[in-house]
Amino acid sequence: MLDVVGQSVAMTQGPLSDLLVLDLTRALAGPHAAMMLGDMGARVIKVESAAGDDTRSWGPPFIGAAEERESTYFLSANRNKESIVLNLKDDDDKDVLARLVARADVLMENFRTGVLDRLGFSVERLHELNPRLIVLSITGFGHDGPEAKRAGYDQIAQGEGGLMSLTGTAQPTKVGVPIADLTAGMYGAFGVLAALHERTTTGLGRVVRTSLLAGMVGIHAFQGTRWTVAGEVPGLAGDHHPAIAPYGMFKTGTAPIQIACGSESLWRALCSAIDLDADDPRFATNPLRVQHRDELIALLEAHFATDPAEHWLGELDRAGVPSGKVRSLDDVYDWEQTRSQGLLLEVDHTTQGTLQLPGSPIRFDDNAHSGGRTSHAAPPTLGQHGAAIREWVSD
């Protein structure tokens with residue numbers, strides 16, 4: 001790998017430390033997939049145009065002086081990567097990419113269907129250069145079918161993929177993070193790992209395809225089978241589980257709390273903790289509680305209104321009832337439990353100094369740090385490692 005000043009250093013950290021990943025993606029789904037592999041130790045080279053990844057200009061907020069400003073959006077999806085600027089319409093830069101492809105294990109792209117072909121890097125050409133190459137291709141709506149040529153953005157995919165029809169109370173609402181992008185990226189990384197495993201037997205690469213639409217449908221879970229199996233179209237779920245009660249957010253005398261009674265024993269524990277009749281005929285079984293959900297919520301919130309949230313959280317914890325706060329993000333990152341799990345990283349950025357970034361959600365048993373690495377590299381500035389990478393591929 002290359003460090004923050006562009007000097008070549010050996011990468012020996014993490015279970016994927018023997019892999020080279022070329023990240024030709026931009027925005028979020030592809031960069032997130034590549035970052036997941038980088039967190040596991042893979043060497044990730046981000047190939048950018050002269051304008052840079054789209055997210056370098058997405059904001060505010062930005063940090064740093066105008067001439068060195070960095071987008072917090074870009075910083076969220078590009079740690080543990082190197083950056084090289086290539087003009088894929090220039091023959092010399094195409095040659096640099098071809099040399100990188102010949103050495104790589106994985107190439108990730110999220111161009112519109114056909115763009116990479118027109119640039120001279122069709123799947124056939126990529127596999128001529130490197131038969132062992134795994135190619136991950138992410139689109140908005142899939143690589144074929146009547147919507148294949150549509151551009152894919154998270155906002156559109158959340159609506160078209162049905163998620164917004166399930167989210168909210170008064171009207172369809174998008175999720176507060178770009179969940180369609182993130183889900184497609186995670187499924188893409190999962191597919192890449194499966195293809196890499198297969199390669200140990202076949203010796204050959206293959207193409208892995210996913211899309212923002214596929215990611216949305218992939219996480220429909222029981223809401224999907226409500227329609228496909230039972231013929232019931234789910235509606236807005238609001239703050240309560242559509243199939244379990246009580247399971248949701250409840251008002252107290254101060255702040256809201258969340259409760260999850262996923263079994264009859266937990267329902268009885270809740271009733272014991274707050275002095276309710278567990279055998280009330282309206283609420284004696286989970287189906288009855290779902291049927292009479294509005295009455296149940298009103299009854300519980302009348303009890304909870306008498307004391308502050310912390311009181312009830314203590315009572316529920318002592319009774320063994322799953323419950324919790326609704327935390328703001330500053331509270332989440334200040335929370336000792338978050339920090340104890342390695343979910344907040346410190347990295348040294350070449351222009352911005354020490355930065356704190358959200359960390360990988362995966363840990364290994366011999367490593368207290370997220371992603372299996374003992375240290376992490378800051379997201380690169382545009383073209384930061386270009387000279388060193390060009391020198392490396394010319395050897």
Side-chain angles (χ1 to χ4, degrees), residues 162-163 165-170 172-173 175-177 179 218-329 331-332 334-341 343 361-363:
L163 187 65
S165 76
L166 307 173
T167 307
T169 52
T173 304
V175 177
V177 296
I179 192 68
I219 61 169
H220 283 170
F222 70 92
Q223 296 282 41
T225 51
R226 286 176 69 180
W227 165 247
T228 63
V229 176
E232 178 181 302
V233 180
L236 297 174
D239 298 319
H240 291 268
H241 198 293
I244 310 171
Y247 196 115
M249 187 170 70
F250 298 86
K251 298 175 184 176
T252 73
T254 53
I257 61 173
Q258 304 219 73
I259 297 172
C261 287
S263 68
E264 292 303 316
S265 62
L266 288 173
W267 162 246
R268 291 187 172 277
L270 170 65
C271 290
S272 177
I274 64 174
D275 197 25
L276 283 182
D277 179 9
D279 296 313
D280 184 314
R282 295 171 297 172
F283 312 130
T285 66
N286 183 69
L288 286 170
R289 292 194 293 275
V290 172
Q291 180 182 343
H292 299 284
R293 184 196 313 278
D294 291 345
E295 295 172 69
L296 179 58
I297 291 172
L299 180 63
L300 291 173
E301 290 191 336
H303 275 72
F304 294 145
T306 61
D307 284 289
E310 292 295 340
H311 167 80
W312 292 116
L313 288 171
E315 292 294 312
L316 295 171
D317 184 59
R318 281 186 286 275
V321 177
S323 59
K325 301 178 180 180
V326 180
R327 295 178 184 267
S328 60
L329 290 195
D331 194 10
V332 172
D334 285 341
W335 192 18
E336 182 56 34
Q337 187 62 25
T338 300
R339 293 174 177 269
S340 74
Q341 300 306 298
L343 296 174
I362 298 172
R363 294 170 66 191

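The first residue in the sequence is number 1, and the count goes up from there.
- Going from atom CG of Asp280 over to atom CG of Asp277 covers 5.5 Å, rounded to the nearest 0.5 Å.
- Here the OG-CG distance, from Ser328 to Asp334, works out to 8.5 Å after rounding to the nearest 0.5 Å.
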(message) Does Ile297 form a side chain to side chain contact (heavy atoms under 4.5 Å, CB included) with His240? I'd like the steps, not just the answer.
(response) CA-CA 10 Å; Ile297 291 172; His240 291 268; 3.5 Å; yes
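- Taken from CG in Asp294 to CG in Leu299, the straight-line distance is 12.5 Å, to the nearest 0.5 Å.
- Checking Leu316, Leu270, Leu266 one by one against Pro322, the side chain to side chain contact (heavy atoms under 4.5 Å, CB included) holds for a single residue, Leu266.
- Here the shortest heavy-atom pairing between Ser340 and Arg363 reads O-NH1, 3.7 Å.
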(request) Check the pair Asp317, Leu313 against side chain to side chain contact (heavy atoms under 4.5 Å, CB included), reporting the backbone distance first and the verdict last. (result) CA-CA 6 Å; Asp317 184 59; Leu313 288 171; over 6 Å; no
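- The shortest distance between side-chain heavy atoms of Cys261 and Pro246 falls below 4.5 Å.
- The pair Arg268-Asp279 meets the salt-bridge criterion, with a side-chain N (NZ, NE, NH1 or NH2) lying under 4.0 Å from an Asp/Glu carboxylate O.
- Residue His311 comes nearest to Asp307 through the heavy atom pair CD2-CB, 3.4 Å, listed as atom of the first residue, atom of the second, then distance.
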(message) One pair to check against side chain to side chain contact (heavy atoms under 4.5 Å, CB included): Ile257 and Val326. What are the steps and the verdict?
(response) CA-CA 6 Å; Ile257 61 173; Val326 180; over 6 Å; no
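- Atom CZ of Arg327 is separated from atom CH2 of Trp335 by 4.5 Å, given to the nearest 0.5 angstrom.
- When atom types are taken as modelled, the side chain of Asn286 and the backbone of Ala243 share a donor-acceptor pair closer than 3.5 angstrom.
- Of the charged side-chain nitrogens involved, at least one lies within less than 4.0 Å of a carboxylate oxygen, so that Arg318 and Glu315 count as a salt-bridged pair.
- Trp312 CH2 to His303 NE2: the interatomic distance, rounded to the nearest 0.5 Å, is 7.0 Å.
- For the pair Ala237 and Gln223, the tightest heavy-atom approach, listed with the atom from each and the gap, is CB-NE2, 4.3 Å.
- When all heavy atoms of Tyr247 and Ala260 are compared, the pair lying nearest together is CE1-CB, 3.6 Å.
- The main-chain N or O of Pro234 is never found under 3.5 Å from a side-chain atom of Arg226 such that the two would form a donor-acceptor pair.
- Residues Phe283 and Leu288 form no side-chain contact, since every pair of their non-hydrogen atoms from C-beta on lies 4.5 Å or further apart.
- In this structure, His241 has its ring center closer than 6.0 angstrom to the ring center of Phe222.
- Ser272 places no side-chain N or O within donor-acceptor distance of the main-chain N or O of Ala269, the cut-off being under 3.5 Å.
- A donor-acceptor contact shorter than 3.5 Å is absent between the side chain of Thr169 and the backbone of Gly238.
- The closest donor-acceptor contact from the side chain of Thr252 to the backbone of Ala255 lies under 3.5 Å.
- Of the possible polar contacts, none joining the Ser323 side chain to the Ile259 backbone as a donor-acceptor pair under 3.5 Å is found.
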(request) Kindly determine whether Ile274 and Phe304 satisfy side chain to side chain contact (heavy atoms under 4.5 Å, CB included), including the steps that lead there. (result) CA-CA 9 Å; Ile274 64 174; Phe304 294 145; 4.0 Å; yes
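- Atom OG1 in Thr225 sits 11.0 Å away from atom NE2 in His220 (nearest 0.5 Å).
- Taking both residues in full, the closest heavy atoms of Arg289 and Ala245 are given as NE-O, 2.7 Å, listed atom of the first, atom of the second, then distance.
- The only member of His292, Gln291, Glu295 that meets side chain to side chain donor-acceptor pair (under 3.5 Å) when paired with Arg282 is Glu295.
- For Phe250, the CZ atom counts as densely surrounded, since its 6.0 Å shell holds more than 12 non-hydrogen atoms of other residues, nucleotides or ligands.
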